[in-house]
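Remarks on the structure that follows.
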Number of protein chains: 2
Amino acid sequence: RPPPAAGGAKSISHYPMNGLTSSWQPLARQEHVLILTPITRFYEEYWNNLINLNYPHELIDLGFILPRGREANQAIQRLDEAVNALQTGPKKNRFASVSILRQDFDSPFSQSEKDRHALSSQKERRAAMARARNSLYTTTINAGISWILWLDADIVETPASLIQDMASHNKAIIVANCYQRYVDHGESKIRPYDFNTWQDSEAAAKMAQNMGDDEVIFEGYAEMATHRTLLASMRGAGKDINEEVPVDGVGATALLVKAEVHRDGAMFPSFPFFHLLESEGFAKMAKRLGYQAYGLPNYLVYHYNE
Amino acid sequence: RPPPAAGGAKSISHYPMNGLTSSWQPLARQEHVLILTPITRFYEEYWNNLINLNYPHELIDLGFILPRGREANQAIQRLDEAVNALQTGPKKNRFASVSILRQDFDSPFSQSEKDRHALSSQKERRAAMARARNSLYTTTINAGISWILWLDADIVETPASLIQDMASHNKAIIVANCYQRYVDHGESKIRPYDFNTWQDSEAAAKMAQNMGDDEVIFEGYAEMATHRTLLASMRGAGKDINEEVPVDGVGATALLVKAEVHRDGAMFPSFPFFHLLESEGFAKMAKRLGYQAYGLPNYLVYHYNE
Ligand SMILES: Nc1nc2c(ncn2[C@@H]2O[C@H](COP(=O)(O)OP(=O)(O)O)[C@@H](O)[C@H]2O)c(=O)[nH]1
Ligand SMILES: Nc1nc2c(ncn2[C@@H]2O[C@H](COP(=O)(O)OP(=O)(O)O)[C@@H](O)[C@H]2O)c(=O)[nH]1
Ligand SMILES: [Mn+2]
Ligand SMILES: [Mn+2]
């Protein structure tokens with residue numbers, strides 16, 4: 001299914017949405033996937049992992065969005081170079097299309113790990129992220145897209161079959177477990193990184209009850225003991241990588257979504273939605289729209305280690 | 001600004017969002033407008049009014065969405081004929097592009113006036129409308145679009161300068177006052193039609209406070225006396241057509257929206273959002289995103305009279 005005609009003979013396009021599937025066998029059905037990445041820094045390792053994904057590149061559209069500002073200027077330059085090299089290289093490696101959006105607003109914070117993760121920064125930061133994600137998908141989803149893969153720009157390692165693996169679960173929303181590699185006394189180890197995928201708890205529900213409409217619960221901060229069950233903590237070494245668990249909040253580091261979920265209106269709230277922002281609020285909104293999110297405790301992807 | 005490249009040389013597109021304006025002078029800046037119409041019945045009068053809009057057609061993309069089902073089969077046939085005739089006719093009349101989407105679900109109700117407006121039908125009906133609108137804009141907004149004009153398929157008369165007139169107010173969201181022509185004892189008269197544009201009231205706020213998350217307030221039903229101030233009732237005969245008033249709920253019969261509002265994530269809730277659905281919920285969500293909606297009490301458009 002081609003993207004909308006742009007200035008063709010009569011410029012009329014018909015899109016029967018019931019002809020568009022998002023199935024557990026996307027490859028067999030030649031389903032189109034849109035990979036979306038908000039990006040402030042360009043990592044070689046992200047790019048190499050991306051181009052090594054073994055879902056056919058001609059079935060993949062890429063979309064990037066960058067904030068204004070100097071750091072993003074550098075990122076866009078390196079992204080441009082990488083994209084240009086790829087799209088003029090061997091045909092089989094090329095992606096179907098690449099869209100690079102530049103926001104009309106800057107990222108609200110310096111991008112050092114410490115600043116980013118300070119609790120005081122979270123509300124403004126997650127709101128900016130949400131707006132970036134919404135602009136990105138709204139502008140790039142066309143009528144031919146079956147799946148959206150949200151993949152953060154600092155995800156440096158995934159299985160090459162990421163798309164096929166996650167789609168095989170046939171869930172409307174499914175998220176990998178985002179870990180990080182590090183070296184401890186010369187030994188290579190892994191540790192949890194993303195705390196945004198969780199199952200809700202009574203403590204969090206109680207916290208929410210006593211909050212005003214504009215207050216937000218953030219996960220992973222000692223100041224707010226939510227006692228939610230984190231996907232990060234559900235991993236069992238050597239356990240089935242296909243194990244799936246229902247979740248109430250999701251992170252968007254490596255998140256596969258059936259396009260109909262976004263088409264139905266599930267977006268990333270930049271305002272507190274049931275006291276949740278951005279990807280966590282997205283899962284809640286999707287639930288209100290009738291879609292249940294799932295996490296994969298033993299299926300790991302790795303975040304860059306700054 | 002052209003729509004995203006589809007399979008061009010390298011298929012790489014750059015979209016600096018700060019180069020995209022939605023200004024009070026869209027014509028002078030050659031801004032692109034996307035007209036979106038959910039449609040179950042095709043009215044000749046709607047089509048004639050649409051093609052008489054005097055904003056340059058080459059700056060206008062059209063998007064339609066139809067449900068499944070027999071009635072829509074007839075509508076799509078007539079729409080196709082009209083579109084084909086226009087897009088193969090004189091160049092100056094042609095629109096930049098026309099996208100026709102067909103839902104994968106049927107409209108939940110028969111479309112007779114009485115059935116549509118029964119209070120018992122509203123929740124399901126407005127939810128289906130919301131889903132249709134969300135699919136439509138998500139699939140058709142591209143990076144070149146500055147404005148979205150929501151125009152219902154049964155709006156049969158507007159000023160030819162509708163787009164310029166509404167844009168000149170330079171509001172993120174602005175809605176015309178939707179009336180209906182009828183004949184009374186051989187005399188042609190007008191009466192209010194759309195009650196979805198209103199300013200909130202204390203009575204409605206109190207009603208909301210005592211409701212569960214899933215309950216909805218519908219406007220225009222005696223069973224639910226909201227005492228909201230309706231745009232329909234603010235009209236003054238012979239008064240300034242440029243008068244504008246802030247509103248808290250909007251109807252979508254003739255609604256002009258800056259594209260950034262949808263890009264930021266404002267959608268049509270198909271679930272109760274602050275006890276509001278669809279276009280009324282859209283205004284509330286936009287407000288949460290920082291956008292205020294306005295209504296034009298003396299600027300009239302006319303709904304078909306069944
Ligand atoms: N476009 C855009 N991307 C952002 C912004 N802030 C962060 N990002 C990107 O969004 C993703 C997640 O942000 P990050 O700061 O890594 O979140 P963390 O991993 O939770 O610390 C990464 O790919 C970032 O490069 C922003 O303001 N605008
Ligand atoms: N695609 C789609 N369009 C619909 C559906 N129901 C109504 N419409 C269209 O949406 C617009 C508003 O609906 P309508 O029934 O006229 O609402 P009313 O004017 O408030 O009675 C009209 O253009 C209808 O043709 C639906 O289920 N799917
Ligand atoms: Mn990160
Ligand atoms: Mn109508």
Side-chain angles (χ1 to χ4, degrees), chain A residues 2-20 61 65 68 80 83-84 87-88 94-105 130-131 133-135 137-143 145 259-260 262-273 285 288-290, chain B residues 2-20 61 65 68 80 83-84 87-88 94-105 130-131 133-135 137-143 145 259-260 262-273 285 288-290:
Chain A
K10 298 187 282 178
S11 295
I12 308 172
S13 311
H14 278 90
Y15 304 112
M17 309 299 280
N18 65 349
L20 189 73
D61 294 302
I65 189 165
R68 299 186 73 166
D80 270 347
V83 166
N84 272 302
Q87 295 300 86
T88 55
R94 294 184 202 169
F95 291 103
S97 78
V98 185
S99 301
I100 302 176
L101 276 69
R102 193 75 192 261
Q103 289 166 210
D104 49 8
F105 58 97
R131 291 178 63 195
R133 291 192 197 277
N134 290 335
S135 276
Y137 85 76
T138 314
T139 308
T140 54
I141 291 189
N142 66 42
I145 299 295
E260 65 187 281
H262 285 308
R263 287 203 183 96
D264 254 12
M267 42 73 97
F268 297 92
S270 60
F271 53 83
F273 182 73
M285 193 174 288
R288 297 282 284 164
L289 291 165
Chain B
K10 298 188 283 178
S11 295
I12 308 173
S13 311
H14 278 89
Y15 303 112
M17 308 299 281
N18 65 349
L20 190 73
D61 294 302
I65 188 164
R68 300 187 71 165
D80 270 347
V83 167
N84 273 304
Q87 296 299 86
T88 55
R94 293 184 203 169
F95 291 102
S97 77
V98 184
S99 301
I100 302 176
L101 276 69
R102 193 74 191 262
Q103 288 166 211
D104 49 8
F105 58 97
R131 290 178 65 195
R133 291 192 197 279
N134 291 335
S135 277
Y137 86 75
T138 315
T139 308
T140 55
I141 291 190
N142 66 41
I145 299 295
E260 65 187 280
H262 285 309
R263 288 204 182 95
D264 254 13
M267 42 72 97
F268 297 92
S270 61
F271 53 84
F273 182 73
M285 193 174 288
R288 296 282 284 164
L289 292 165

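Keep in mind that this is a model prediction, so the values were computed, not measured. Order of the sequence lines sets the chain letters (A, B, ...), proteins ahead of strands, with each chain counted from 1.
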Measure from the side-chain N and O atoms of B/Arg288 to the backbone N and O of A/Pro272, and report whether any donor-acceptor pair falls under 3.5 Å.
yes
Interatomic distance, [X] atom [atom1] to [Y] atom [atom2] [nearest 0.5 angstrom]:
| X | Y | atom1 | atom2 | value |
| --- | --- | --- | --- | --- |
| A/Asp80 | B/Ile12 | CG | CD1 | 7.5 Å |
| B/Tyr137 | A/Thr138 | OH | OG1 | 6.0 Å |
| A/Ser135 | B/Met17 | OG | CE | 5.0 Å |

Side chain, backbone, both or neither of B/Met267 within contact of chain A (heavy atoms, under 4.5 Å):
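Contact with chain A: side chain only.
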What part of B/Arg68 is in contact with chain A, defined as an atom under 4.5 angstrom from a non-hydrogen atom: side chain, backbone, both or neither?
side chain
As an exercise: rank A/Arg131, A/Gln103, A/Arg263, A/Met285 by heavy-atom pairs under 4.5 Å with chain B and give me the winner.
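Top count of heavy-atom pairs under 4.5 Å with chain B: A/Arg263.
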Heavy-atom pairs under 4.5 Å with chain B are the metric here; pick the option from A/Val98, A/Ile145, A/Asn84 that has the most.
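Looking at each option in turn, the highest pair count goes to A/Val98.
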Go through the steps for B/Asp104 and A/Glu260 under the test side chain to side chain contact (heavy atoms under 4.5 Å, CB included), then give the verdict.
CA-CA 10 Å; B/Asp104 49 8; A/Glu260 65 187 281; 5.7 Å; no
Chain A interface, residue from B/Asn18, B/Ile100, B/Ile65 that has the most non-hydrogen pairs under 4.5 Å
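Top option by heavy-atom pairs under 4.5 Å: B/Ile100.
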Looking at B/Asp61, B/Ile141, B/Thr140, B/Asn134, which one has more heavy-atom pairs under 4.5 Å with chain A than the rest?
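Ranked by heavy-atom pairs under 4.5 Å with chain A, first place is B/Asn134.
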